[in-house]
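Below you'll find the structure, written out as structure tokens, and then a few comments.
Starting from 1, each residue takes its place in the sequence as its number. Remember, it's 1-based here, ligands and their atoms both numbered in the order they're listed.
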Amino acid sequence: MTESPSRVAIVTGAGRGIGAAIARKLAGDGFAVGLLDLDEAGAKAGAEAIVADGGRATGVGLDVSDAEQVEAAVATVAEQLGAPTVLINNAGITRDNLLFKMSEADWDSVMGVHLRGSFLMSRAVQKHQTEQGWGRIVNLSSTSALGNRGQANYSTAKAGLQGFTKTLAIELGKFGVTVNAIAPGFIATDMTAATAERIGMSFEDFKKAAAQEIPVRRVGEPEDIANVVSFLVSEGAGFVSGQVIYVAGGPKA
Ligand code: NAP
């Protein structure tokens, strides 16, 4: 490891939801944070809030499934904040449908954001991590990786991210880089609110019904995920690699 590796983190999909909470938490942990999102205004607003609180941050618009945009965004963060050594692959979308109604576009767009996006981002950031001799990657999987009706595309992508995590852990370990995945259960964000709307339930009723099925009897909040990310990127987590941590209020989805 170099004397003191650069403490710069990149969070994708940081414009709102879980990504925004992760960006805030890492800023509180002392990282300079690059907030990347399709929604450039959301990313910039999140970065401005961190700066207003005394942190260092920058917001950059990009589509994580576009190789050129990924390279450009990582270069912008490196120029403005320093070499990124922490990467949180959080950007995500759902395009739920039963198999017989699922279009090729529904399949390809979900694979594009989760799998191609995490691959492109990791490939771009590992250059900085291996140069620094230290790094952390955390990929956002899901309990849906275990199977979920109406999510053939999403569950496949989230299971794929678990294999990606384990392989990167094997390849990058000798450079001081750990790679882990977090598989959240139900977290209250726009994503789950959209699911409630799609099935014709109020979000409050949807959350109450979900909580009944969760051992700790509540749904998760974005901060529940941010707290685990904070541990996984810490110095103390250096011997934890290639793991999938289910953060779901219980052992099952
Ligand atoms: P969210 O509220 O929908 O936020 C997702 C963010 O990702 C949005 O800001 C979105 O930008 C951004 N994004 C989407 N496509 C992108 C792309 N191509 N390039 C860059 N950014 C893109 O979702 P969330 O609930 O916070 O979920 C965050 C992650 O956790 C996702 O990977 C999700 O699959 C995973 N997860 C969530 C839950 C849950 O219950 N919420 C459970 C398990 C796993 P726009 O604002 O422009 O759309």
Contacts satisfying side-chain hydrogen bond (donor to acceptor under 3.5 Å, both in side chains) that involve residues 23-37 (not counting sequence neighbours) are Arg24-Glu223, Asp29-Ser230
Listed partners of Lys44 passing salt bridge (charged side-chain N to carboxylate O under 4.0 Å, His left out), at least two apart: Glu40
Would Thr12 and Asn89 count as a side chain to side chain donor-acceptor pair (under 3.5 Å) here? Give the steps. CA-CA 6 Å; Thr12 68; Asn89 283 312; 4.6 Å; no
Please determine if Asp66 and Arg116 form a salt bridge, counting it only when a charged side-chain N lies under 4.0 Å from a carboxylate O. no
Within the 4.0 Å heavy-atom cut-off around ligand 1, the contacting residues, ordered by chain and number, are Gly13, Arg16, Gly17, Ile18, Asp37, Leu38, Asp39, Leu62, Asp63, Val64, Asn90, Ala91, Gly92, Ile93, Val113, His114, Leu140, Ser141, Ser142, Tyr154, Lys158, Pro184, Gly185, Phe186, Ile187, Thr189, Asp190, Met191, Thr192
Pair Arg16 + Asp190, salt bridge at N-O below 4.0 Å: yes
Among residues two or more places apart or on two chains, list those pairs meeting ring pair (Phe, Tyr, Trp, His ring centres under 6.0 Å) that have a residue in residues 74-121. His114-Tyr154
